[in-house]
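A short write-up of the structure that comes next.
Numbering of ligands and ligand atoms starts at 1, following listing order.
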Amino acid sequence: MAITQAMQQDIVNYLLDAEQERKEVLKLTENYPELSLNTAYDVQTLLIRRKIEAGTRSIGYKLGLTSKAKQEMMGVYEAIYGVLTRDMLALEWEPMDHKQFIHPKAEPEIAFFIGEDLQGTDITGEDVLRATQYVAAAIEVIDSRYLDFKFTLPDVVADNCSSAKFVIGSKMVPVRDVELPELGVVMTKNSQVVTTGSGAAVLGDPAVSVAWAVNKLGERGLGLRRGDVVLSGAITEAIAFKPGDTIQAQFAHLGSVTLSCV
Ligand code: OOG
Ligand code: MG
């Protein structure tokens, strides 16, 4: 059975409801086993369109499942991309209210600030470096709308790749001043080290990860625009947090970024 436009709208309502009511829902493929990856990206587009109609705007993209640690954690072995919207941008010095989430987790990422438009289907990591103005430390908060944070590839893509919030560190570094694969990161929770990694964990090089997304977007006639922010994908596994927890990602060269949950 093909997934009709009407079914896609039903799915969007189902996911938006779960997010607004902060409730976990059964993954889509339980009821729509035929949901393909391509249709899942169509659903994601519709979902973002609804959010934009409700008053936010698109400010860039995020990569997901680009590291082995994340792929093994989620049991999904393919990279994905989602859309970042303005309402997802959280400020480092503002406490993050746990009540807005279902079951949030934090992951350390590298944020790319894009200085010129970049579109195509044979874009390389080098092209990405040329188009990038700055990089900065980031923490992404993911909050899958699915029961127990479990999903298949089309499920997570339709759910805009579990996107919820992200925080960017205050230090913007010219991309040519750092060797991205060698950038080490230490993540702490309440001052205890919980995980460590380096940029190379992300498809060997975070710039290659961003290039992958540009090429995927290119297949849909889309691309990066000057001013976009792109999150490279988590370098380590994601860490669950609760009210009272402080999560910090300390990067070599990029400084640190902190999230305090209340
Ligand atoms: C999917 C989103 C993954 C990342 O950085 O790998 C992601 C998930 O794990 O829920 O954002
Ligand atoms: Mg992420």
Would you check the N or O atoms of S144, main chain and side chain alike, for any that come under 3.5 Å of an N or O of ligand 1?
no
Counting from 1 in the order shown, the ligand 1 atoms closer than 4.0 Å to a non-hydrogen atom of K62 are 2 (C), 7 (C), 11 (O)
Taking T188's backbone N and O only, do any of them form a donor-acceptor pair with Q248's side chain (distance below 3.5 Å, no angle check)?
no
Which of the atoms of ligand 1 are close to G233, meaning less than 4.0 Å from one of its heavy atoms?
5 (O)
Under 3.5 Å, is there a donor-acceptor pair linking the side chains of E237 and T195?
yes
Heavy-atom distances under 4.0 Å decide this one: backbone, side chain, both or neither, for L231 against ligand 1?
neither
Non-hydrogen side-chain atoms of L16 and K51 separated by less than 4.5 Å
yes
Looking only at distance, does G64 have an N or O less than 3.5 Å from an N or O of ligand 1?
no
Heavy atom of E109 under 4.0 Å from ligand 1?
yes
Just which atoms of ligand 1 are under 4.0 Å from any heavy atom in M74?
9 (O)
Quick check: does any side chain N or O of H103 sit under 3.5 Å from a backbone N or O of S144, one acting as donor and the other as acceptor?
yes
Looking only at protein heavy atoms, identify the closest one to atom 6 (O) of ligand 1 and say how far it is in Å.
L65 N, 2.8 Å
Which ligand 1 atoms, with their elements, are less than 4.0 angstrom from a heavy-atom of I142?
8 (C), 9 (O), 10 (O), 11 (O)
Quick one about T45 and D42 (side-chain donor to acceptor, distance below 3.5 Å, no hydrogens or angles considered), yes or no?
no
Testing D155, D159, N160 one by one against R145 for a side-chain hydrogen bond (donor to acceptor under 3.5 Å, both in side chains), which residue passes?
D159
Report the relative orientation of the aromatic rings in F101 and H98; use parallel for angles under 30°, tilted for 30 to 60°, perpendicular for over 60°.
perpendicular
May I ask you to identify, for M73, whether its side chain, its backbone, both or neither come under 4.0 Å of ligand 1 on a heavy-atom basis?
neither
Atom 1 (C) of ligand 1: which protein heavy atom is closest, and how many Å away?
S162 OG, 3.5 Å
Could you list which atoms of ligand 1 come closer than 4.0 Å to a heavy atom of F149?
10 (O)
Pair N38-S36, side-chain donor/acceptor within less than 3.5 Å:
no
Any N/O pair C161/ligand 1 closer than 3.5 Å
no
Would you say L63 contacts ligand 1, with heavy atoms under 4.0 Å as the rule?
yes
Those atoms of ligand 1 less than 4.0 Å from some heavy atom in V156
1 (C)
Same hydrophobic cluster for I168 and L254, using side-chain heavy-atom links shorter than 4.5 Å among ILVMFWY?
no
Residue pairs, two or more places apart or on separate chains, that pass salt bridge (charged side-chain N to carboxylate O under 4.0 Å, His left out) and touch residues 109-124:
D117-R225
Counting only heavy atoms not in R86 (residues, nucleotides, ligands), do more than 12 fall under 6.0 Å from its CZ?
no
Sphere of radius 2.8 Å around the Mg ion (ligand 2) - protein N, O or S atoms inside:
E107 OE2, E109 OE2, E140 OE1
Are there over 12 heavy-atom neighbours, none belonging to E179, within less than 6.0 Å of that residue's CD?
no
Mark yes or no: K62 above the aromatic ring of F166, with NZ or CZ under 6.0 Å from the six-membered ring centre and no more than 45 degrees from the axis.
no
Check the surroundings of atom OH in Y134: do more than 12 heavy atoms from other residues, nucleotides or ligands lie under 6.0 Å from it?
no
Protein contact to atom 9 (O) of ligand 1 [nearest heavy atom, distance to 0.1 Å]:
K70 NZ, 2.7 Å
Contact (N/O only, under 3.5 Å) between E107 and ligand 1
yes
